[in-house]
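Taking it in order: structure first as structure tokens, then the write-up.
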Number of protein chains: 2
Amino acid sequence: MKTTKAQTIRKPRPTPTPRTRGDARRRLLTAAIRRIRQRGYANTSVDELCADAGVTKGAFFHHFSSKEALAIAAAEDFQSSAMDLFDRAPHRKLDDPVQRLLAYVLQRRKLLRGELPEFTCLLGTLVQETYATHPAIRETCNKALFEHIDWLESDVRAALARLRTRPRWSAKSLAIHIVSVLQGAFILAKAQSGTSAAIASVDHLHRYLETIFVSARSRK
Amino acid sequence: MKTTKAQTIRKPRPTPTPRTRGDARRRLLTAAIRRIRQRGYANTSVDELCADAGVTKGAFFHHFSSKEALAIAAAEDFQSSAMDLFDRAPHRKLDDPVQRLLAYVLQRRKLLRGELPEFTCLLGTLVQETYATHPAIRETCNKALFEHIDWLESDVRAALARLRTRPRWSAKSLAIHIVSVLQGAFILAKAQSGTSAAIASVDHLHRYLETIFVSARSRK
DNA sequence: TATTGCATACCGACCAGTCGGTATGTTTGT
DNA sequence: ACAAACATACCGACTGGTCGGTATGCAATA
């Protein structure tokens with residue numbers, strides 16, 4: 001097991017590595033977010049991920065202790081990117097919380113025009129596959145999903161405050177419903193290989209919100 | 001590689017197989033429907049499935065040409081069982097299509113009280129994981145999902161006929177939305193390891209249907 | 001006795017993770 | 001100012017084990 005001479009001297013120049021040093025982690029995360037959304041967690045191998053990211057296995061296990069650890073990091077990264085995307089949207093500056101909510105739904109509707117692996121949710125994909133076998137991943141996805149729900153809830157709460165009569169359901173339950181519809185829409189889009197069903201469902205969600213907050217006249 | 005005599009004579013009594021002959025296919029389907037819902041397609045191995053079903057690999061590949069073929073058969077079987085379950089429910093005999101729809105949603109809500117691998121949808125789980133890699137599975141799930149949607153659509157259509165004013169959206173779009181909400185609810189249930197979020201979402205769906213078909217006074 | 005319905009043994013491909021090693025900074029003692 | 005000492009980033013061959021699928025045999029039924 002000591003050094004065999006033949007092994008010690010391998011190649012004079014293994015790779016000149018023209019790529020910038022230090023971005024392997026970022027590249028792996030990006031590759032994972034794309035790949036897992038497209039092919040699922042179990043069906044994505046570490047080798048594929050490395051090839052995708054243009055790094056080696058050594059780099060992978062230098063930055064992540066396991067495949068599961070990468071998935072967890074990817075879920076967290078995905079969530080923070082998503083929050084950025086939705087929180088920086090111009091309609092966020094609207095004064096009316098009802099308008100903010102409706103604009104959010106329309107923003108998501110617009111996103112459906114892109115490609116499938118771009119608009120689908122990593123969290124939903126991941127958790128569906130791993131909830132029973134990888135508790136740590138499940139918990140991370142749950143946390144991220146409810147972070148988003150909480151974020152929505154504050155707008156729902158503000159919108160509810162403008163209603164004349166208090167409904168029997170909570171602000172949180174409606175925030176949950178919004179996320180639920182979106183997740184379901186993604187599944188139908190995958191089944192269809194198209195977005196017409198997803199759009200139809202999101203449109204109904206939009207109408208539901210209008211019915212609640214607009215048709216029922218607001219206090220203003 | 002020809003037969004070695006020592007291999008030919010193995011054990012005098014390999015297994016008396018007390019199990020009834022001829023049910024291996026059924027057992028494999030049942031095992032697959034449970035297991036894939038719980039652990040996903042890629043993470044379910046043929047060996048596990050065989051162990052679960054109490055059959056051997058030989059039996060597996062006698063009945064199914066591949067793992068993919070089993071998944072397709074399981075999806076079809078799952079769909080026909082589900083149709084049975086919902087179509088034979090007592091509330092199906094109600095005259096009012098609106099009541100039938102509301103009762104359907106309540107039935108699904110009630111199912112959420114069971115265990116996760118029992119009420120979740122094999123089709124949604126399967127298609128999310130395989131849509132990009134197994135076109136045949138995707139297509140089967142799509143077909144099954146839209147069979148269910150079509151089934152719902154006929155009630156929606158009948159319910160719409162009772163409304164005074166025709167809405168701008170189609171009967172099919174609402175049927176799609178119903179399925180979408182349910183699929184989303186399953187994802188949240190998996191993330192939560194609980195059903196409170198799923199129930200909240202299904203309740204909003206129920207209220208939406210009421211708003212459309214009940215609150216808006218019907219022609220009767 | 002032929003066909004169907006399994007059982008057992010096995011195979012090559014692939015997979016997550018390891019390990020010995022190198023290349024490139026960064027800090028520190030002099 | 002400079003080099004030794006250390007730390008970080010990365011490389012890629014290798015391993016033990018698992019996977020889907022195959023080859024072959026045999027027992028029960030028709």
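Naming: A, B, ... by sequence-line order, numbering from 1 per chain.
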TODO: Give a yes or no on whether a salt bridge exists between B/R27 and B/D52, defined as a side-chain N under 4.0 angstrom from a carboxylate O.
DONE: no
Task: Validation row, ring centre B/Y104 to ring centre B/H148 under 6.0 Å - done: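 Here the rings of B/H148 and B/Y104 have centres that are less than 6.0 Å from each other.
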Open item on the list: Report for the helix from C/dT1-D/dA30 to C/dT30-D/dA1: angle between first-end and last-end helix axes, five pairs each, rounded to 10 degrees.
Closed with: 10°
TODO: Step by step, work out the salt bridge (Lys or Arg N to Asp or Glu O under 4.0 Å) result for B/D155 and B/R92.
DONE: CA-CA 10 Å; B/D155 272 359; B/R92 279 279 92 203; 2.4 Å; yes
- [ ] Can you check whether any acceptor in the base of C/dA16 is under 3.5 Å from a donor in the side chain of A/K57, or vice versa?
- [x] yes
Open item on the list: Any donor-acceptor pair, under 3.5 Å, between the side chain of B/K67 and the base of D/dG21, if you only look at N and O atoms?
Closed with: no
Open item on the list: Can you confirm whether B/T195 sits close enough to B/R113 that some side-chain heavy atom of one is under 4.5 Å from a side-chain heavy atom of the other?
Closed with: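 Not touching, per the 4.5 Å side-chain cut-off.
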- [ ] Report yes if some heavy atom in the side chain of B/V202 is under 4.5 Å from a heavy atom in the side chain of B/L106; otherwise report no.
- [x]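 The answer is no; the side chains never approach within 4.5 Å.
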- [ ] Pick base, sugar-phosphate or nothing for B/S65, based on heavy-atom distances below 4.0 Å to the nucleic acid.
- [x] nothing
TODO: Have a look at A/S45 and say if it touches a base, only the backbone sugar-phosphate, or nothing, with a 4.0 Å heavy-atom cut-off.
DONE: sugar-phosphate
Task: Per A/H63 side chain, nearest of listed nucleotides C/dA7, D/dA9, D/dG20 - done: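 Nearest to the side chain of A/H63 among the choices is D/dA9.
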TODO: Can you figure out which of D/dC11, C/dC6, C/dA16 approaches the side chain of B/A59 most closely?
DONE: C/dC6
d([atom1], [X]; [atom2], [N]) in whole Å:
| X | N | atom1 | atom2 | answer |
| --- | --- | --- | --- | --- |
| B/D47 | C/dA9 | CG | P | 14 Å |
| B/F60 | D/dA23 | CZ | P | 17 Å |
| A/N43 | C/dA16 | CG | C1' | 15 Å |
| A/F64 | C/dT18 | CZ | C1' | 18 Å |
| A/L49 | C/dG17 | CG | P | 12 Å |
| A/R27 | D/dC10 | CZ | C1' | 13 Å |
| A/E68 | C/dG17 | CD | C1' | 14 Å |
| A/F61 | C/dA16 | CZ | P | 7 Å |

- [ ] With B/T125 as reference, evaluate B/R37, B/Q38, B/K190 under the side chain to side chain donor-acceptor pair (under 3.5 Å) test and give the passing residue.
- [x]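 Only match with B/T125 under side chain to side chain donor-acceptor pair (under 3.5 Å): B/K190.
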Open item on the list: Side-chain N or O of A/H62 versus OP1/OP2 of D/dC10: is the shortest distance under 4.0 Å?
Closed with: no
TODO: Test B/E118 against B/R34 for salt bridge (Lys or Arg N to Asp or Glu O under 4.0 Å), laying out the working first.
DONE: CA-CA 7 Å; B/E118 283 157 21; B/R34 279 203 122 262; 3.5 Å; yes
